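To start, the structure itself, in structure tokens.
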Amino acid sequence: MIVAQNLIKSYGAAKVLHGVSLTVAAGERIVLCGPSGSGKSTFVRCLNGLEERQGGTVEIAGHCLSADCANVLALAGDVGMVFQQFNLFPHLTVLDNLTLAMRRVRRTPHRAAEEEAMAMLARMQLTEKAASYPRQLSGGQQQRVAIARALCMKPKVMLFDEPTSALDPEMVKEVLDVMTDLSCQGLTMIVVTHEMGFARSVADRIIFMDRGTILEEADPETFFRHPSHARTKEFLRQIG
Ligand code: ADP
Ligand code: MG
């Protein structure tokens, strides 16, 4: 589902990805962790065509993404992304946030889009919020709307970039529960998170990034019990 090879990314003179490669099978659930500034967001943004890159290749959900991202629109819908800061349209109701891309990108007729959106909101237990605006919702509800919006496009891959980091502690669980639910349904997922309980229970593979490279990757059991690198151990100590 994803083959990224030797990704190189610089911001001006600062090189932030030093040749990162990752292959993800369909249905695989990857947790990506590592210190702040290690390049996690940059990496997932490169996978989604939100960042141009200076080297390497990206194949995702059946698309070859060009280095300048000129063909990024082909990805729309097949790759969903959820950000730390929700990124909902503030001037649109919850329902319209969900139907906009379906209608514009998927060309779903208005009525059908609304039906699908309402079904998705029901699944997220947000039916009664359909006519609300994002600012009227709690952070956890907003993030569940953002997830619902991405899912309405029926993506093949979902990328999550620290989806619970901006939430008050009591709202983290409701979002992680939704994501755990998704992980049981065969969706290919890459999740950047420091929620190690989630990583332990959901990930097929945990990837540890440090200073623009993948330093270590392992199944959760190995990762938590026998990390091989000193920097991984230090990281686990700090967040543990
Ligand atoms: P992480 O998500 O692991 O915290 P990021 O991918 O956000 O790391 O950042 C990796 C490095 O790239 C950091 O040193 C950060 O300061 C730098 N960086 C990220 N985005 C930009 C940008 N738009 N312009 C310049 N530097 C950036
Ligand atoms: Mg980040």
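Atoms within a ligand are numbered from 1 in the order they appear, just like the ligands themselves. All values derive from a computational prediction rather than experimental measurement. The figures that follow rest on heavy atoms only: side chains count, while hydrogens, waters and symmetry mates do not.
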Distances for all N or O pairs of ligand 1 and the protein under 3.5 Å?
unit_1, atom_1, unit_2, atom_2, d
ligand 1, 2 (O), Ser41, N, 2.9
ligand 1, 2 (O), Ser41, OG, 2.8
ligand 1, 3 (O), Ser38, N, 3.2
ligand 1, 3 (O), Ser38, OG, 3.4
ligand 1, 3 (O), Gly39, N, 3.0
ligand 1, 3 (O), Lys40, N, 2.9
ligand 1, 3 (O), Lys40, NZ, 2.7
ligand 1, 4 (O), Gly37, N, 2.7
ligand 1, 6 (O), Thr42, N, 2.9
ligand 1, 6 (O), Thr42, OG1, 2.5
ligand 1, 8 (O), Gly39, N, 3.2
ligand 1, 20 (N), Tyr11, OH, 3.4

Original post:
Is there a donor-acceptor pair closer than 3.5 Å between any side-chain N or O of Ser10 and the backbone N or O of Ala13?
Top reply: no
Original post:
Taking side chain as C-beta onward, heavy atoms only, is Met124 less than 4.5 Å from Val145?
Top reply: no
Original post:
Does CD in Gln125 sit with more than 12 non-hydrogen atoms of other residues, nucleotides or ligands closer than 6.0 Å?
Top reply: no
Subject >> Expected output: side-chain Ser21 to main-chain Asn6 donor-acceptor under 3.5 Å >> reply: yes
Original post:
Looking at His194 versus Phe235, is the centre-to-centre ring distance below 6.0 Å?
Top reply: yes
Original post:
Does any N, O or S atom in Ser41 come within less than 2.8 Å of the Mg ion (ligand 2)?
Top reply: yes
Original post:
Between Lys154 and Glu116, does at least one N-O distance fall below 4.0 Å, as a salt bridge requires?
Top reply: yes
